Amino acid sequence: MMWKSARGGAALLCAALLASACGGGDQASTGAQDDKVTLSYGVWDATQQAVMQELAAEFTRTHPNTAINVQLTPWADYWTKLKAAVSAARRPTSSG
């Protein structure tokens with residue numbers, strides 16, 4: 001059962017990394033290849049955290065300019081935190 005959970009988590013991690021890579025933003029348009037990027041990856045199950053951290057470490061080893069911060073959020077708070085993060089990302093920023 002844990003193997004399926006880890007495999008599912010790995011698939012989610014890959015999907016998240018692909019989605020973030022596709023949305024390159026300003027970095028893609030400026031050609032800044034040496035900038036360090038930190039991605040956050042949330043899990044709600046403590047049994048998945050160690051496996052996700054191992055996967056993140058392996059990804060960072062092969063992509064040294066990308067760090068992945070695996071965050072454990074309890075199930076009761078996970079969806080609220082996720083909605084807040086999405087809402088904050090959609091807010092327009094002032095170019096002040």
Side-chain angles (χ1 to χ4, degrees):
M1 184 65 136
M2 186 172 164
W3 174 249
K4 285 184 180 180
S5 177
R7 189 170 45 178
L12 287 174
L13 178 60
C14 289
L17 293 173
L18 287 173
S20 64
C22 291
D26 291 336
Q27 182 176 352
S29 63
T30 62
Q33 297 295 323
D34 295 329
D35 290 341
K36 298 255 181 196
V37 175
T38 300
L39 303 174
S40 295
Y41 183 76
V43 296
W44 60 80
D45 185 356
T47 61
Q48 294 178 340
Q49 188 175 16
V51 173
M52 293 300 113
Q53 287 175 327
E54 287 178 30
L55 291 170
E58 178 63 20
F59 185 88
T60 299
R61 187 183 67 75
T62 58
H63 300 83
N65 289 339
T66 305
I68 301 172
N69 181 13
V70 178
Q71 300 174 343
L72 177 64
T73 303
W75 175 258
D77 301 324
Y78 182 82
W79 299 106
T80 302
K81 184 176 179 179
L82 187 62
K83 287 178 188 176
V86 169
S87 294
R90 290 185 178 182
R91 288 190 194 124
T93 58
S94 63
S95 57

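Remember, it's a predicted structure, so these values are computed and weren't measured experimentally.
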Please list, one pair per line, the donor and acceptor atoms closer than 3.5 Å that link side chains of residues 70-79 to other protein atoms, with sequence neighbours excluded.
| from | atom 1 | to | atom 2 | distance (Å) |
| --- | --- | --- | --- | --- |
| Gln71 | OE1 | Lys81 | NZ | 3.4 |
| Thr73 | OG1 | Lys81 | NZ | 3.2 |
| Tyr78 | OH | Gly42 | O | 3.4 |

inquiry  = Enumerate the salt bridge (charged side-chain N to carboxylate O under 4.0 Å, His left out) contacts for residues 48-62, please, sequence neighbours excluded, ordered by first and then second residue.
reply    = Glu58-Arg61
ask   = Which value, rounded to the nearest 0.5 Å, describes the distance between Gln53 atom CD and Thr60 atom OG1?
value = 11.0 Å
